[in-house]
Amino acid sequence: MKRKIAIQGIKGSFHHQVATAYFGNDILFDECMTFPDLVTSVVSQKSRHAVMALENSIAGSIVPNYALIDRNNLCITGEYYLDINMNLMALKGQTIEEIKEVHSHPIALLQCADFFSRYPHIKLVESVDTAETAQRINEKQLKGIAAVAGPMAAQFFDLDILAQAIHTIKNNKTRFVVLQSANNPVNKDEVSKVSVKFELNDTPGSLATVLNVINDCKLNLTKIQSMPIIEKPFQYSFFADMVFADYGDYEKAKSVLEIMSTQFKVLGEYKNGKV
């Protein structure tokens, strides 16, 4: 029986591209238009796994997604870094001069702002998903309207690419995580990265002490993201990613951090996907 993977967006989207690269072609998809819908697909066991974008090298963290993972007790089992290649696409036989509107996800439009500054006649319109816009152009045969999406979308929906790689910063990567509802036992020899959430007492130097522990235990902190604790004004929880060469070093750090934190939670142990 084929595994079903929840993705944000539709086939042809960047989430679809990552899911195919990570799991292979022999899978089914639950196409979810929002991240909460994606989470529901996994929690309800409609899908076995989900692929979720978590941060972009230009736009930064998708902060609400950290809360979705934590609040729904999802487990991160892997990650994938995708080179984002933004392309302008439309129905065949058109030129950029004939395009009146470009529709895409707001982050995609933001990443291509310099390109569109050269075409002041084009109106930029935000939509929910990059590939969904490409699909709509194909289905309704919309002339004068273009989409910004990945090359897979042009292939899926039979559109011409009018301009390739239009994103401003060419080294543009998005980090995606693979999620599931249960935390399966991990192979310690293969694990090299961990994502955790912790809360601290509101005392001077508490965060600095935690960072010293991470350093002393030979862990490399690759990401830390703060988030307000709604019930406690001006206090914060922290989401952190750490990589390590020895699982024993991580176990040592974990035992100390559990004592130091008022709340400590492992969101996932997995293989470092960054090469």
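Because the structure is a prediction, the values reported are computed rather than measured.
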Tell me which donor-acceptor pairs under 3.5 Å the side chains of residues 107-115 have, and how far apart each pair is, sequence neighbours excluded?
{"from": "Gln111", "atom 1": "OE1", "to": "Asn172", "atom 2": "ND2", "distance (Å)": "3.2"}
{"from": "Gln111", "atom 1": "NE2", "to": "Asn56", "atom 2": "OD1", "distance (Å)": "3.0"}

*Are Ser61 and Tyr66 side-chain neighbours, meaning at least one heavy-atom pair lies under 4.5 Å?*
yes
*Report the C-alpha separation of Glu132 and Val128 in whole Å, then their side-chain angles, then the decisive distance to 0.1 Å, and conclude whether the side chain to side chain contact (heavy atoms under 4.5 Å, CB included) test is met.*
CA-CA 8 Å; Glu132 184 273 336; Val128 296; 4.2 Å; yes
*Steps toward ring-ring contact (aromatic ring centres under 6.0 Å, His included) verdict (Phe14, His105)*: CA-CA 12 Å; Phe14 291 117; His105 191 279; over 10 Å; no
*What residue pairs, at least two apart or across chains, pass salt bridge (Lys or Arg N to Asp or Glu O under 4.0 Å) with a residue in residues 208-234?*
Glu55-Lys223
_Treating Asn87 as the side-chain partner and Asn85 as the backbone partner, does any N or O pair qualify as donor plus acceptor under 3.5 Å?_
yes
*side-chain hydrogen bond (donor to acceptor under 3.5 Å, both in side chains) evaluation trace for His103 with Glu101*: CA-CA 7 Å; His103 297 214; Glu101 294 183 2; 2.8 Å; yes
*Is there a side chain to side chain contact (heavy atoms under 4.5 Å, CB included) between Lys123 and Val102 once you walk through the steps?*
CA-CA 6 Å; Lys123 179 182 178 181; Val102 171; over 6 Å; no
_If the threshold is 4.0 Å, N to carboxylate O, is there a salt bridge linking Lys100 and Glu98?_
no
*Any side-chain heavy atom of Leu82 sitting closer than 4.5 Å to one from Phe176?*
yes
*Determine the minimum heavy-atom distance between His15 and Ala53, stating which atoms define it.*
NE2-N, 3.1 Å
*Taking it one step at a time, do Ser195 and Tyr270 satisfy side-chain hydrogen bond (donor to acceptor under 3.5 Å, both in side chains)?*
CA-CA 9 Å; Ser195 294; Tyr270 49 97; 2.7 Å; yes
*asked:* Would you say Lys197 and Gln263 are linked by a side-chain donor-acceptor pair, where the criterion is simply a distance under 3.5 Å?
replied: yes
*In Å and rounded to the nearest 0.5 Å, what is the CD1 to NE2 distance from Ile96 to His121?*
8.0 Å
_Spacing of CG belonging to Asn220 relative to CG belonging to Asn215, to within rounding of 0.5 Å_ = 9.0 Å
*For the hydrophobic clusters of this structure (ILVMFWY residues joined by side-chain heavy atoms under 4.5 Å, transitively), does one cluster hold both Val178 and Leu74?*
no
_Student check: side-chain heavy atoms of Phe264 and Ile259 closer than 4.5 Å_ = no
*Can you say whether the rings of Tyr22 and Tyr80 are parallel (under 30°), tilted (30 to 60°) or perpendicular (over 60°)?*
perpendicular
*Could you check if a side-chain atom of Leu54 sits within less than 4.5 angstrom of a side-chain atom of Thr174, using non-hydrogen atoms only?*
no
*Hey, would you say the Phe238 and Phe198 ring centroids sit under 6.0 Å apart?*
yes
_Verdict with reasoning, Ile99 to Tyr119, per side chain to side chain contact (heavy atoms under 4.5 Å, CB included)_ = CA-CA 10 Å; Ile99 300 300; Tyr119 300 93; over 6 Å; no
*What's the shortest heavy-atom distance between Ser261 and Leu257, and which atoms?*
OG-O, 2.7 Å
*Might you point out which heavy atoms bring Leu88 and Val148 nearest each other, and give the distance in Å?*
CD1-CG2, 4.3 Å
*Test side-chain hydrogen bond (donor to acceptor under 3.5 Å, both in side chains) on Thr222 and Asp241 and set out the steps.*
CA-CA 6 Å; Thr222 59; Asp241 297 329; 4.8 Å; no
*asked:* Looking only at the side chains, is there a donor atom on one of Asp30 and Ser41 sitting less than 3.5 Å from an acceptor on the other?
replied: yes
Please tabulate, for the side chains in residues 154-165, all donor-acceptor contacts under 3.5 angstrom to protein atoms that are two or more places apart in sequence or on a different chain.
{"from": "Asp158", "atom 1": "OD1", "to": "Lys92", "atom 2": "NZ", "distance (Å)": "2.9"}

*Linking I/L/V/M/F/W/Y whenever any side-chain heavy atoms sit under 4.5 Å apart, do Val191 and Leu179 land together?*
no
_Quick check: do Leu68 and Pro36 have side-chain heavy atoms less than 4.5 Å from each other?_
yes
_So for atom NZ, which belongs to Lys140, do other residues, nucleotides or ligands contribute more than 12 heavy atoms lying within a distance under 6.0 Å?_
no
*What pairs of residues pass the salt bridge (Lys or Arg N to Asp or Glu O under 4.0 Å) test when at least one of them lies in residues 75-88, not counting sequence neighbours?*
Glu79-Arg175, Glu79-Lys193, Asp83-Lys173
For residues 3-10, tabulate all N or O donor-acceptor pairs below 3.5 Å that involve a side-chain atom, not counting sequence neighbours.
{"from": "Gln8", "atom 1": "NE2", "to": "Met33", "atom 2": "O", "distance (Å)": "3.2"}

*What distance do Gln135 atom CD and Ser13 atom OG have between them, rounded to the nearest 0.5 Å?*
10.5 Å
*Is there a chain of hydrophobic side chains (I, L, V, M, F, W, Y, each step under 4.5 Å between heavy atoms) that links Phe35 to Phe29?*
no
*Working to the nearest 0.5 Å, report the span between CG of Asn65 and CZ of Phe239.*
11.0 Å
*Pairwise side-chain contact, Glu31 with Lys11, heavy-atom cut-off 4.5 Å (strictly under)*: yes
Name the atoms and distances for all side-chain donor-acceptor pairs under 3.5 Å in residues 202-213, with sequence neighbours left out.
{"from": "Ser206", "atom 1": "OG", "to": "Asn201", "atom 2": "O", "distance (Å)": "3.3"}
{"from": "Ser206", "atom 1": "OG", "to": "Thr203", "atom 2": "O", "distance (Å)": "3.1"}
{"from": "Thr209", "atom 1": "OG1", "to": "Gly205", "atom 2": "O", "distance (Å)": "2.8"}
{"from": "Asn212", "atom 1": "ND2", "to": "Ala208", "atom 2": "O", "distance (Å)": "3.3"}

*Do you know which two heavy atoms are closest between Met89 and Ala149, and how far apart they sit?*
CE-O, 3.5 Å
*Under a 4.5 Å cut-off applied to non-hydrogen side-chain atoms, are Ile69 and Met52 in contact?*
yes
*asked:* Quick check on the hydrophobic clustering: are Leu219 and Tyr247 connected, directly or via other members, by side-chain heavy-atom contacts under 4.5 Å?
replied: yes
*Hey, could you give me the CE/OG distance between Met242 and Ser192, rounded to the nearest 0.5 Å?*
13.0 Å
*When clusters are formed by joining ILVMFWY residues with side-chain heavy atoms under 4.5 Å apart, either directly or through shared neighbours, do Phe116 and Met86 land in the same one?*
yes
*Tell me, with the steps shown, if Ser127 and Thr133 meet side-chain hydrogen bond (donor to acceptor under 3.5 Å, both in side chains).*
CA-CA 7 Å; Ser127 62; Thr133 298; 2.8 Å; yes
*Sub-4.5 Å side-chain heavy-atom contact between Thr77 and Gln180*: yes
_Glu199 side chain vs Tyr236 backbone, donor-acceptor pair below 3.5 Å_ = no
*Is Lys265 atom NZ crowded by more than 12 heavy atoms from other residues, nucleotides or ligands, each under 6.0 Å away?*
yes
*Which value, rounded to the nearest 0.5 Å, describes the distance between Asp129 atom CG and Ser104 atom OG?*
8.0 Å
*Decide if atom CD of Glu258 counts as having more than 12 heavy atoms of other residues, nucleotides or ligands within a radius under 6.0 Å.*
yes
